[in-house]
Amino acid sequence: MVSLPDSVFANLGQLATVLNEQPELHIRIEIHAQDKWGEEEAAQRLAALEETVTSYLVDQGIDGGRITVEAKGMTGSDWIDIIVTETGE
């Protein structure tokens, strides 16, 4: 797990509310890591970000089958994109 700002968890909480109200929706999470990390450290950071975000949403009642995660590698800075879909793609 990795530490994230409270604002990220607030946004994830709002997302969880919407997903709980609309069970037909799925999300794709795209995770990016800072390019200052070495390849191994970036992979570890991406995995930790994935675990933190996914675990939080599952703890909020979201079925893990509705969550797809893509690690985008080192792309300049740490960030998380969340794309809401109706098909799970």
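Residue indices begin at 1 and follow the sequence shown. Side chains included, hydrogens not; waters and symmetry mates left out as well; all remaining heavy atoms used.
Annotation: Glu39, atom CD; neighbour count of heavy atoms from other residues, nucleotides and ligands within 6.0 Å does not exceed 12. Counting non-hydrogen atoms of other residues, nucleotides and ligands closer than 6.0 Å to CG of Asp59 gives a total above 12. Counting heavy atoms of neighbouring residues, nucleotides and ligands inside a 6.0 Å radius, atom CD of Gln22 exceeds 12 of them.
Shortest non-hydrogen contact noted between Glu86 and His26 is O-CD2, 4.0 Å. The two atoms that bring Leu46 and Ala71 nearest to each other are CD1-CB, 4.0 Å, heavy atoms only. Heavy atoms only, all atoms of each residue included: Ala16 and Ile62 are closest at O-CD1, 3.7 Å.
With rounding to the nearest 0.5 angstrom, the CD atom of Gln60 is 7.5 Å from the OG1 atom of Thr17. Taking CD1 of Ile67 as the start and CD1 of Ile29 as the end, the distance is 5.5 Å to the nearest 0.5 Å. For the atom pair CG (Leu19) and CD (Gln14), the distance works out to 12.0 Å, reported to the nearest 0.5 Å. For the atom pair CD1 (Ile80) and CD1 (Ile82), the distance works out to 6.5 Å, reported to the nearest 0.5 Å. Here Asn11 contributes atom CG and Asp6 contributes atom CG; the two are 11.0 Å apart, rounded to the nearest 0.5 Å.
Distance alone, capped at 3.5 Å, places no donor-acceptor pair between the Asp63 side chain and the Pro23 backbone.
In summary, of the residues considered (Leu57, Val69, Val53, Thr68), a side chain to side chain contact (heavy atoms under 4.5 Å, CB included) with Ile27 occurs for Leu57 alone.
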Exercise for the section: Evaluate the criterion side-chain contact (heavy atoms from CB on, under 4.5 Å) for residue pair Leu25 and Arg66; output intermediate values, then yes/no. Expected result: CA-CA 7 Å; Leu25 297 179; Arg66 297 170 60 198; 4.2 Å; yes
Problem - From CA spacing to verdict: side-chain contact (heavy atoms from CB on, under 4.5 Å), Leu49, Leu4 - result: CA-CA 9 Å; Leu49 286 167; Leu4 295 173; 3.7 Å; yes
